[in-house]
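Structure first, then comments.
Note that the numbering runs from 1 along the sequence shown for the chain.
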Amino acid sequence: MSLPEMNKIQTLLPQWIEISQQHSVLGKVASYIPELSKSPKEALGICIMDANAHTVSSGDCGFPFTMQSISKVFTLILALMDNGENVVFGKVGMEPTGDNFNSMLKLELVQPGIPFNPLINAGAIAISSLIAGDGPVEKSSRVLEFFRKLTNNDSLNYDLDVYQSESQTADLNRSMAYLLKDNRVLEGSVEDVLEVYFRHCSISVTCSDLARMALVLAFNGVDPVTGETLIPRRYVQIAKTFMITCGMYNASGEFAIQVGLPAKSGVSGGILTMVPGRYGIGVVGPALNPKGNSIAGLHLLETLSREFDWSLF
Ligand code: DON
């Protein structure tokens, strides 16, 4: 991070957090997973990390939250590493849907009935089935190990209350998974696949964990702090392209215009984004807009991107 920019961000962040936080009242905390409704609506935190793991943090950056859909970027990468592109893109497409993240509309409407992309729920459930391993326990532990490596945090773990809360109430995801099985996208036990999916959605992180994961993507798969290659460059390229086209659900076009960075959000209010070649960024703000993105987090990222001219476009 260039020193003048770091100093400026550090100085300005507290007041920007305060301004962006005011937008939280306009949003709603996700409640369709009952445990998530306990999240503090007004919270807002950010961590920006550079290639030396120097961080600038502000607000509620120590607040733990579950990754939810942010995990889908990294399970996609693991599925690519386990199976290669041909297998993965035999099960999911490469196109945005324009529909809600949990829609199953196009699974019936458009043949051959495979999910449009790996970041909507149907696509991520299909991806969970492709993780290598003998059964859901081994598959899940491989995902957790991979995420621990990417965050450089050995104590990363599940929030089991959120896991159980989702598993007990996931009628829509369950029906979607059965439809996928009927469409020959999933094989074997639907419950086993869903266990892997609910588990990776329930991995608990802080903004700095997200920033470190994003940093690896910002440096094309190499952890710039350790110098270790964790992901092949081609798979980072695929993941970042999906983040631009589908990462913010059916608000990805708007985010590309207003912020202009690859990003992925989750219904717990997290947003992972990056300035390629420079910073990894983690944000959390549990109050969501109607499309399911953190309302205050979006405002904060728009402010930062404009001020520092971060848009790639
Ligand atoms: O499957 C669900 O509904 C959640 N575990 C994740 C949803 C989410 O974060 C938004 N997804 N694109």
Side-chain angles (χ1 to χ4, degrees), residues 9 13 16-17 19-21 23-24 26-30 36 39-49 55-74 101 119-120 124 147 150-151 201 203-218 239-240 242-276 278-306 308 310-312:
I9 296 175
L13 261 184
W16 285 349
I17 289 259
I19 294 166
S20 295
Q21 208 159 18
H23 292 252
S24 302
L26 305 170
K28 281 194 185 132
V29 171
L36 291 185
S39 312
K41 185 174 172 181
E42 313 289 316
L44 179 63
I46 185 166
C47 175
I48 303 174
M49 190 178 288
T55 58
V56 170
S57 309
S58 196
D60 303 298
C61 50
F63 164 66
F65 55 98
T66 52
M67 291 182 79
Q68 299 301 334
S69 287
I70 297 170
S71 61
K72 297 172 180 175
V73 173
F74 300 95
F101 62 83
L119 300 187
I120 51 172
F147 286 22
L150 292 166
T151 52
C201 286
I203 292 175
S204 179
V205 291
T206 62
C207 288
S208 82
D209 293 318
L210 289 191
R212 185 68 182 252
M213 290 179 108
L215 195 64
V216 178
L217 300 185
K240 286 201 284 202
F242 276 123
M243 291 169 83
I244 287 282
T245 57
C246 319
M248 304 299 282
Y249 321 130
N250 44 345
S252 299
E254 188 179 345
F255 189 85
I257 288 172
Q258 303 294 11
V259 180
L261 298 171
K264 182 74 200 89
S265 58
V267 288
S268 54
I271 303 176
L272 176 151
T273 185
M274 77 213 70
V275 185
R278 298 171 70 196
Y279 313 133
I281 301 174
V283 176
V284 66
L288 307 178
N289 68 15
K291 293 206 170 157
N293 293 315
S294 167
I295 198 162
L298 281 177
H299 187 268
L300 183 61
L301 287 171
E302 284 170 19
T303 309
L304 278 158
S305 178
R306 259 189 221 155
F308 296 106
W310 282 346
S311 171
L312 303 181

Any idea which heavy atoms bring [X] and [Y] closest together, and the distance?
X: Ser57; Y: Cys47; answer: OG-SG, 3.8 Å
X: Ser39; Y: Pro286; answer: CB-CB, 3.8 Å
X: Leu44; Y: Ser20; answer: CD2-CB, 3.7 Å
X: Ala287; Y: Ser24; answer: CB-O, 3.4 Å
X: Phe65; Y: Val283; answer: CZ-O, 4.2 Å
X: Met67; Y: Leu210; answer: CE-CD2, 4.3 Å

Run the side chain to side chain contact (heavy atoms under 4.5 Å, CB included) check on Leu301 and Leu298 step by step: do they pass? CA-CA 5 Å; Leu301 287 171; Leu298 281 177; 5.6 Å; no
Using a 4.5 Å cut-off on heavy atoms from C-beta on, say whether the side chain of [Y] contacts that of [X].
X: Asp60; Y: Gln21; result: yes
X: Phe74; Y: Ile203; result: no
X: Phe242; Y: Val73; result: no
X: Phe308; Y: Val275; result: no
X: Thr245; Y: Ser252; result: no
X: Met274; Y: Ile281; result: no
X: Leu300; Y: Leu13; result: yes

What do the steps show when you test Leu36 against Gln68 for side chain to side chain contact (heavy atoms under 4.5 Å, CB included), and what is the final call? CA-CA 10 Å; Leu36 291 185; Gln68 299 301 334; 4.2 Å; yes
When you look at NZ of Lys28, are more than 12 heavy atoms from neighbouring residues, nucleotides or ligands closer to it than 6.0 Å? no
Under the ring-ring contact (aromatic ring centres under 6.0 Å, His included) test, which residues partner Phe101, sequence neighbours left out? Tyr249
What do the steps show when you test Val205 against Ile70 for side chain to side chain contact (heavy atoms under 4.5 Å, CB included), and what is the final call? CA-CA 11 Å; Val205 291; Ile70 297 170; over 6 Å; no
Partner set under side-chain contact (heavy atoms from CB on, under 4.5 Å) for Glu254, not counting sequence neighbours: Gln258
